[in-house]
Amino acid sequence: MIRTRFAPSPTGYLHVGGARTALFSFLYAKKHGGQFILRIEDTDAERSTKESEESLIRDLKWLGFDWDEGPDKGGNYGPYRQSERVNMYQKYAQKLVDEGKAYYVYAEHEEMEKLREKLISESKAPHYTREMLQSLLSPQEVERRKKASKKPAIYFSMERKERILHDLVKGEVKFGEDSMGDFAILRSNGLPTYNFAVVIDDALMKITHVIRGDDHLSNTVKQMALYEALGFEVPSFAHLSTILGPDRTRLSKRHGSTSIEEYRKRGYLPQAMVNYLSLLGWSHPELKEIISLDELIKVFDLDRVSKNPAVYDEKKLTWMNGQYVRNLPDDEFYEYAKPFIVPKLFSEEEYTTNKKWITLALRSVKSEVETLIELPEKLSVYLKEPEVDSALRTNLEKSGVLMAFKSLQNAYESLDEWKVEDILKVTKKVLKESKVKGKDFYHPLREILTGKDSGPDLVNLIFLLGRENVVSRLKKFLEA
Ligand code: GLU
């Protein structure tokens, strides 16, 4: 059974890179009929917050990733928050000490810093050994600290040898004998370091594939050594390449929004986000670009994940979002649009009671928007009475077109029913009788009614504006 996990630290929001990692882990598990696990890595008590955990979960759910086990769901391998697993880390750290594979260090951080500086000044790599760390303090000093109940840190004694990682994305990665020194696995406050907790958790949670960003590659060699020392089976690793901006520098605010939450607030659809994220370092076997989550689950695999950095292009994401908006069924559009319209244009109650009209109005502007945040502006043609454009009025008066609009107003007033077909028929009739050219008629008509020179299909717009509005806007213009 394939088991993957997404293991965010709740120290901030879900960013684009994290969402891509979560997506690939989710897809890989689902593609292979496996399980996807959410684990919260909150052992950095100072930087971790509950709000961040909640926002991570909300954003992951919004994207449509569903995990089989997690802090909000439970499962057979819990708890799924590292802060609730501390006793396990302590137990395994003690086991390594007992087996002579780890050791206590009573020296303080500043004392070790001095050692580090000394090694660097001697042009040596700042890699610690047991001898170095234990000779920092005299045996008497160690005794004194023990008596004063000072708690030691626990350091892992890294076996020096060459290690080869067969990464599912990067291929063969060699780590030389001297690539790492000994490192802390448990801090003096009893909390584990990332490299230790992650190994214990991935092993105990039976994770088969660790999929994460390649910024963790140098940690992987430490983790491999820990797996060996603990006698755990080593999972497969897949390290995803960095995401760069179009200018080939590391993705940052300069390239657009970086958090998923911001995209949601800016009116991007989760389907479009997921589709776009999937193409950051992966490609469809037939190079298709518009791919649903269901289809991604069928076709995704790690063999099409690229070693090269992915280039993030917000313009393309926005284009893609527009494609998804166009294809939204009316009822879904109505739901997705709501937070952008309530309370800006309508109250909660109005949104419900006017559902039929709002659905049609939304449909009428669908092809004009790329992101939902543009909706209030696009819908304003219906809701905001335009100012009378007196220059336009003077021109129309001179050219005699104004008369045609007077007839149009009368014709609309005397229509039996306010229906699209009848509006179309009577509008055409007035146009024909007026002998005005089509473009000299429709264009100003739109301007008179909306104050804009483009927008939704005109007859549909007239229908949705409603007879009362149309007649009063015409009247106001004509009588100005
Ligand atoms: N908590 C780590 C991070 O957010 C997880 C890394 C991993 O997937 O091993 O970067």
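All values derive from a computational prediction rather than experimental measurement. Counting convention: from 1, in listed order, for ligands and their atoms alike. Computation of the quantities below employed the complete heavy-atom set of this structure, encompassing side-chain atoms and omitting hydrogens, waters and symmetry-equivalent molecules.
- No more than 12 heavy atoms of other residues, nucleotides or ligands shown are found within 6.0 angstrom of CZ on R116.
- Relative to the ring axis of F24, R20 places its NZ or CZ within 45° and under 6.0 Å from the centre.
- Taking atom 5 (C) of ligand 1 as the reference point, the nearest protein heavy-atom neighbour is A7 O, 3.2 Å.
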For this session: Test Y103 against D182 for side chain to side chain contact (heavy atoms under 4.5 Å, CB included), laying out the working first.
Result: CA-CA 10 Å; Y103 52 93; D182 292 2; 2.6 Å; yes
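- Of all atoms in ligand 1, listed by their number and element, those nearer than 4.0 Å to a heavy atom of E41 are 1 (N), 2 (C), 5 (C).
- Using a 4.5 Å heavy-atom threshold, the side chains of R254 and D247 count as touching.
- The residue F6 has no part lying near ligand 1, judged by heavy-atom distances below 4.0 Å.
- Close approach of ligand 1 to V198 (heavy-atom distance below 4.0 Å) involves ligand atoms 9 (O).
- Remark: E111 engages R145 in a salt bridge, criterion side-chain N to carboxylate O under 4.0 Å.
- Each of the following atoms of ligand 1 lies closer than 4.0 Å to a heavy atom of S9: 1 (N), 2 (C), 3 (C), 4 (O).
- Between V210 and ligand 1, no pair of N/O atoms sits closer than 3.5 Å.
- Here the shortest heavy-atom pairing between W357 and F346 reads CZ3-CZ, 3.9 Å.
- Nearest-residue assignment for atom 3 (C) of ligand 1 (options R212, H216, Q82, H239; heavy-atom criterion): H216.
- Atoms of ligand 1 lying under 4.0 Å from at least one heavy atom of Y194, given by number and element, are 2 (C), 5 (C), 6 (C), 7 (C), 9 (O).
- Annotation: atom 8 (O) of ligand 1 to nearest protein heavy atom, R5 NH1, 2.6 Å.
- Salt-bridge check for R163 with E228: passed, with a basic side-chain N closer than 4.0 Å to an acidic carboxylate O.
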